[in-house]
Structure formats: structure tokens, C-alpha cells
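Nothing fancy with the numbering, it's 1 onward along the sequence. Whatever order the structure lists them in is the order used to number ligands and atoms, beginning at 1. A quick note: this is a predicted structure, and the numbers were derived from the prediction, not measured.
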Amino acid sequence: MALVARVLLPLPLPEAFDYLVPEGAELAVGDHVAAPLGPRLVRGVVVELREAHGINRPLKALQGRIDEPPLPPGTLAFVEWAARYGCGAPGEALAMALRGLRAPLPNPERLVAATGQAPAKPTPARARVLEAALAGPQKAAALALTAGVSAGVVKGLIEDGALAWVERAADAGFAEPDLTLPGATLNASQKAAATVLADLATAGGFGVALLDGVTGSGKTEVYLEAAAAALAADPSAQVLILLPEIALTQAVIARVETRFGAAPAEWHSGVASPRRRQVWEAVARGSCRIVVGARSALFLPFANLRLIVVDEEHDGSFKQEDGFIYHARDLAVARAKIEGAAVVLASATPSLESIWNAQGGRYRWLKLSKRHGTATLPEIALVDLRETPPEAGRWLSPVLARAMVETFAAGEQSLLFLNRRGYAPLVLCRACGERMTSPDSQSWLVEHRYTGRLVCHLTGWSMPKPLACPHCGAKDSLVSIGPGVERLEEEARILLPEARIAVFSSDTVQDAAGARTLVARMAEGEIDVLVATQAAAKGHNFPRLTLVGVVDADLGLRGGDLRAAERTYQLLAQATGRAGRAERPGRALIQTYAPEHAVMQALKAQDRDGFLAAEAEAREASGLPPYGRLAALIASSPDPVVLDAFCQALAAAVPNAEGVEVYGPADAPLGLIRGRRRKRFLVRADRTVDLQGFLTAWRARVRVPGAVRLTIDVDPYSFL
Ligand SMILES: [Zn+2]
């Protein structure tokens with residue numbers, strides 16, 4: 001009997017398609033195939049095979065198997081689960097899993113090797129080359145160098161037939177981890193946690209642990225011991241370490257390399273495509289055992305994934321907001337459940353969601369309270385900007401400025417933290433009051449002095465800073481309002497003309513190598529003052545850093561979304577936690593106009609648990625996550641009339657359901673992006689409600705016009 005293959009295509013289609021399996025073709029679930037779709041052939045993956053009875057319509061035949069490592073069953077199941085959870089198209093989740101296959105492998109190396117044939121005219125030089133060639137295939141230049149001859153001698157031997165060119169696949173370079181190396185020396189608290197995690201990672205089943213330890217308590221050393229245990233217990237075991245940012249990736253990669261004597265595979269946007277292809281194949285074949293990567297590494301085709309570590313688990317950048325929408329921390333737990341693997345969520349400021357799961361006993365809760373070594377927590381003080389404001393046009397209060405002068409005089413380092421890129425967040429005309437906004441999003445244009453441009457941080461649109469106001473034509477009337485990191489650098493230079501000052505933001509540090517260089521310079525004491533956005537707020541260990549100044553602590557509290565207070569607390573606790581490691585005590589000064597706010601009081605008292613308890617109580621009272629669930633529907637269109645009509649139809653089609661409230665449509669706070677108007681609905685549901693079922697039923701009741709894009713965001717983190 002003929003066979004039918006159900007094939008998932010990596011495209012935004014609602015479901016997989018059936019194809020006939022050609023006679024004699026040997027196919028298995030997970031295989032890559034060439035499938036006809038309209039006039040084209042596209043790559044797809046077989047998700048099911050069955051006998052072809054009861055089929056009463058003609059099916060197209062597959063064009064054959066593509067010879068690439070098949071997707072393992074765990075990866076396939078995960079792709080389908082992720083799509084269902086996010087109410088997205090399964091093909092979009094599959095596209096995430098196939099991302100590594102976009103580029104060809106790197107070109108093979110051309111080497112020369114002895115053929116065994118004797119040269120026609122033997123000479124002493126030729127004899128030396130042939131002797132050196134006994135070591136195996138090597139590069140022609142290296143062979144000439146070893147034999148001490150010119151390149152011409154090697155060339156002559158190739159022409160003579162005594163040597164020949166051979167090609168070898170470029171070395172993928174995934175060395176086996178050396179599990180005989182000793183781990184770091186752990187203190188008692190670390191040892192206890194490492195033992196529990198090692199047991200969890202080798203027990204051979206699903207389990208989640210929350211590794212909750214203050215900054216500098218040595219979480220990395222602890223989870224690396226769990227990784228070592230997992231790798232040692234099973235010779236084919238694989239470990240994935242997820243990190244929120246490239247800047248952080250480099251520091252962790254160095255530590256993994258030290259611990260296991262072999263560099264892990266890297267997976268993030270900074271990795272070249274041919275290299276990604278190598279990583280993808282090696283992960284699928286099981287020949288690469290440790291991967292350190294950004295959120296999308298979760299979709300790699302692991303052959304035998306035993307442990308996932310999500311470091312800085314509270315970090316918002318684990319949420320992917322465009323294209324296929326997902327949260328890598330939540331999906332890591334789902335993937336581990338499918339694979340029967342362990343998960344370690346690590347953070348100094350865990351998310352309310354993870355704390356709630358730990359309190360409910362669903363996650364093991366491991367607390368590291370002691371700082372590694374002899375260092376103590378920094379002393380934290382609030383600077384009330386109403387009482388001690390900075391001078392006009394300045395941003396550092398006299399208190400913080402004095403502390404910076406003292407720190408510099410003592411030969412120690414300061415970090416000024418301001419989570420705002422560029423020079424000034426707003427440019428306006430003194431003559432007519434016009435604010436410079438982006439034409440495609442109507443948001444404020446941010447002035448960047450290093451490049452001399454005004455930039456929309458939302459869409460990337462930019463223009464040179466004009467000499468005259470585009471609105472009224474007044475010359476030299478544009479003024480910069482408010483500070484960004486570039487402006488703070490200027491102020492720090494005026495305050496400390498002798499100091500070496502650097503800026504760490506995604507504008508000055510654009511790739512992994514740049515981050516590594518700047519972190520190394522800071523660690524070596526080559527920088528006195530580091531002005532930084534959140535790119536530098538976490539994960540780095542700077543032994544000479546003794547002062548952290550938070551320039552505008554109120555910044556994250558404005559805009560008021562669900563997690564504003566939680567996020568502000570996490571970010572500032574991480575930033576102030578940078579101060580004082582090793583033997584030097586540190587201090588942190590937090591500039592605020594709202595010192596009485598619960599976030600500021602909790603930071604000052606270093607009372608994280610108190611803050612979280614108050615925050616949890618407020619969320620529970622209003623049924624917000626983690627006590628309830630949220631989803632957002634965002635409709636956008638270039639045509640406001642079509643958009644309004646569609647949103648009215650959508651509002652009229654809300655299914656009746658107990659325990660669900662639907663708010664909207666409302667104009668999105670970012671009402672216009674790239675020429676598209678945007679409207680939002682917000683859905684709040686009790687935890688007992690099948691939220692995905694509700695959303696799917698709702699969407700099925702309306703027809704989405706071609707001019708409208710409808711996006712569903714389950715568990716939204718952005719409310720813009
Ligand atoms: Zn003007």
C-alpha cells in the first residue's frame with residue numbers, strides 16, 4: 001500500500017499538508033523533504049506517516065528526501081507545542097527550528113597529501129617534503145614550511161603526481177568537554193545547591209529548580225557543576241545554557257571553557273551563518289554537547305538534551321516580540337518537560353512568576369545567600385532630587401558628584417547607570433516649541449551626538465540633525481532635552497577631566513568582540529568611569545568598582561505597565577549589585593524624585609522579599625499574572641477605516657466565557673509604526689480558563705481582511 005506523509009512547511013500556514021510518498025522512497029518522521037507547493041518546491045519536515053487508505057482526493061507526490069540530519073522527535077513535539085501555546089502557525093515555529101539551515105556549510109579546506117607514488121626526479125628537497133607529508137594531509141604552505149622548502153617544490157610534486165590535493169570539511173571544532181577537570185572551589189551554600197542540582201540533572205526526568213542568589217553569590221559555578229554532572233552521567237547528554245544578551249554571553253563562554261577545557265558552541269545573532277549551520281548539524285547529530293546561546297537556541301534540534309539553564313531568568317529579553325512570539329524561559333520549561341530533562345532558572349532577582357512557582361512547590365527553590373569570598377553587599381542610599389537637585393543642565397546631584405570625585409581619588413572605579421541610549425531623548429525648537437518626531441511612528445527622535453543623527457529607537461528611522469527647525473525655519477533653535485548616556489559622559493568629563501571614561505551601550509558596543517574588549521578594559525582597571533545602559537548592568541565582575549550611581553531611578557516606573565515596578569526593582573538591584581566585590585566595600589547612590597515609592601524603599605533596605613510580597617498581593621487582588629493570565633490582540637493596518645471596522649467586528653465576536661474579561665479595542669500607546677495604525681485588545685482570564693482555546697475560537701469567528709494584520713501575544717510583556 002502506498003504511504004501518505006503529513007508534511008509541515010516552515011511557512012505561516014494553519015496546518016501541515018498531506019503528500020504521497022513516492023514508490024520505493026524510504027522516509028521517516030523528522031526527515032527533510034522537498035514538497036511541491038503551487039509552482040514551487042519547498043523544504044518541509046515529515047511529521048507523520050500513514051497508509052493511504054480512505055483518501056479520496058488526488059495528492060501531490062513528494063520530490064524526495066533532503067539529506068540532512070532529521071529533526072529529533074523531541075524537537076518536533078516542542079515545535080508543535082510552542083505553536084499551540086502561542087496560538088501561532090506551526091510552520092512559524094518550525095521555521096525557528098530550521099534557522100540554522102539557511103546557509104551552506106563553510107567551504108572545505110584544500111590540503112595536500114602524499115599519493116604513495118615516487119617522484120620522477122628525486123632530490124633532497126623533494127625527499128624532505130615527502131617525509132613531512134607522512135604526518136597526514138596538511139596545507140601546502142605548512143608543508144613547505146615544515147620541510148624548509150619553497151612553495152614551488154610542493155607544487156612540482158603535485159604536478160609530478162607524488163602529492164595530490166584533497167578536500168576536507170572545515171573543522172567544526174566541537175571538542176569533547178574534559179570531565180576530569182576539577183570544578184571551582186565552592187562555599188558551603190554553593191556546595192549544597194550544586195548537590196541538589198546535580199541530582200536533578202542526572203535523575204533522568206523532568207524537574208525545575210530556581211537558583212536564587214544575590215549578585216556575586218556564585219550562581220554560574222553552581223550551575224556549571226550541574227552541567228558537569230549531566231554530561232558525566234550520560235556520554236551523549238547535551239546541555240543548553242540560555243542567556244539574555246550577547247554582552248553577557250562572552251563572560252559565560254569563557255567560564256564554560258575554563259571549566260570544561262573546551263569552548264562551547266555559540267548561538268546568537270553575532271554568529272556567522274555558515275558557523276550556525278555547523279552548530280545546527282552538530283547539535284542534531286549529538287556531536288556538540290554544550291551550547292551557550294540567546295533565546296532562539298531553544299529551538300535547536302538537540303539529539304539528547306538533558307539540562308537547560310536559563311541564566312538571568314527574569315530578563316525581559318527572553319521574550320521575542322516580533323515574528324513568532326514566545327518567552328524562552330517559559331518555553332524552556334515546556335521543552336524540558338517534553339524531553340524529560342531538568343531546568344535551572346538562575347537569577348539574583350527572580351521573576352514574580354518563578355517565585356510563585358517555587359512557593360507553590362512546583363519548582364525546587366535553592367537560595368544562595370552568602371557572597372562568594374569575603375565581599376559584602378554594597379551600602380545603598382537614596383538621593384532625593386527634590387532636596388539636592390543637580391545644577392541646571394546637569395544630571396548628577398552634588399551628592400553623587402562628590403562620591404565620584406572621592407572614588408576617583410581613591411583609585412577606584414565608578415559606574416553611572418542610565419538606561420537611555422544616545423545624547424538626549426528629546427529635541428525641541430526653542431522658537432516654536434515643535435518636538436522632533438519620527439514620521440513613521442510619531443515617537444520622539446533621540447539625539448545621537450556620536451553620529452550627529454536623530455534616531456527613532458522604535459523603527460530605526462533616522463535623519464541628520466537639521467541646522468534649522470523644519471517647522472518654523474528658525475536657525476540654531478533646536479535644543480536637547482534630558483540626558484542619555486552620551487550626555488552623561490560629557491558631564492563626567494567636566495567633573496573629572498583626568499579620568500578615563502567610557503560608554504557601554506548598544507551603540508558603542510555592537511558585537512561580542514566589542515563587549516569583550518570593554519569588559520576586559522574595565523576589569524583591568526583601564527577605565528575610571530563607565531557610563532552604561534542596562535547592557536552592562538549585569539553579569540560582569542569588576543573587582544575595582546566601588547561606586548554605582550543610578551542617575552534616574554524613576555525612569556522605568558513611568559509608562560505604567562503590569563511589570564513596571566518589578567522590572568525597575570530587578571534592573572536597579574542588578575545595577576547596584578555591581579558595586580563592591582572582592583575585598584573592597586561598595587556603595588550605591590540612587591537618584592530619585594520618589595524616595596517613598598515601594599521600589600526605592602525596598603532597594604534601600606535590600607529587602608527583595610518584602611518588595612515581592614507587596615507586589616504579589618497587589619497582583620493577586622486584581623487577578624493579574626501569575627494569579628491570572630493575560631493575552632493581547634494587536635490589529636494593525638495602513639488603512640484606519642478598515643482597521644476600525646475590523647476591530648468592531650472583532651469586539652462583537654468575543655465568545656461568551658466564564659472567568660474571562662476582554663478590554664478594548666483601544667488605540668495602542670504606539671499608535672503608528674512604519675505607517676501602520678495599531679489597536680489593542682487585552683484579555684484577562686482566570687488560571688482555570690483554557691486561554692488558548694478561547695483565543696482560537698474568537699479568531700475563528702472573524703475574517704481578517706488582507707489589509708489587516710492580527711497578532712496574538714499570549715502572556716504579553718509589552719503593553720505598547
Ligand atoms: Zn521651530
Side-chain angles (χ1 to χ4, degrees), residues 385-386 389-397 416 418-495 501 503 505-508 531 533 551-561 564 591-594 636-641 643-644 666-680 718-720:
L385 290 177
R386 295 168 306 191
E391 288 170 41
R394 300 278 175 96
W395 316 99
L396 303 174
S397 74
L416 288 181
L418 177 65
N419 201 20
R420 217 180 223 163
R421 291 162 51 208
Y423 184 84
L426 170 65
V427 175
L428 64 73
C429 172
R430 215 167 17 201
C432 73
E434 173 81 357
R435 294 168 174 208
M436 299 290 292
T437 57
S438 162
D440 62 352
S441 68
Q442 290 171 357
S443 61
W444 291 354
L445 287 172
V446 178
E447 179 180 6
H448 285 244
R449 284 250 167 124
Y450 299 157
T451 57
R453 299 184 78 82
L454 304 182
V455 182
C456 171
H457 282 182
L458 196 62
T459 63
W461 186 92
S462 74
M463 64 182 278
K465 187 180 177 190
L467 297 172
C469 169
H471 190 67
C472 71
K475 284 240 161 69
D476 298 323
S477 67
L478 296 177
V479 288
S480 314
I481 307 294
V485 281
E486 294 178 9
R487 195 171 206 172
L488 272 185
E489 183 203 12
E490 201 177 82
E491 188 172 340
R493 280 193 198 288
I494 297 167
L495 180 68
I501 301 171
V503 172
S505 79
S506 57
D507 297 303
T508 60
V531 183
T533 63
V551 176
D552 183 355
D554 311 329
L555 188 58
L557 292 175
R558 294 173 207 136
D561 71 56
Q591 298 195 145
T592 174
Y593 283 100
S636 69
S637 173
D639 185 337
V641 178
L643 181 64
D644 276 347
D667 287 332
L670 299 175
L672 180 71
I673 299 183
R674 293 195 179 92
R676 299 179 74 89
R677 298 263 155 207
R678 302 169 77 245
K679 284 184 177 285
R680 297 179 63 100
S718 164
F719 296 85
L720 296 175

One thing to verify: whether E491 and R487 come together as a salt bridge, which I'm taking to mean a side-chain N less than 4.0 angstrom from a carboxylate O.
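No, no charged N to carboxylate O under 4.0 Å.
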
Does the pair K679/D644 count as a salt bridge with the N-to-O cut at 4.0 Å?
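Yes.
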
Can you give me the SG-the Zn ion (ligand 1)-SG angle for C432 and C472, to 10°?
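Centred on the Zn ion (ligand 1), the SG/SG angle is 110° (to 10°).
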
If you round to 10 degrees, what value do you get for the angle at the Zn ion (ligand 1) between C429 atom SG and C469 atom SG?
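So the angle at the metal works out to 110°.
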
Examine H471 and say whether one of its N/O/S atoms is closer to the Zn ion (ligand 1) than 2.8 Å.
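So H471 does not count as coordinating the Zn ion (ligand 1).
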
Determine the minimum heavy-atom distance between R677 and L643, stating which atoms define it.
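Closest heavy-atom pair between R677 and L643: O-CD2, 3.5 Å.
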
4.5 Å side-chain heavy-atom contact, L454 and S438:
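No. Closest side-chain heavy atoms not under 4.5 Å.
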
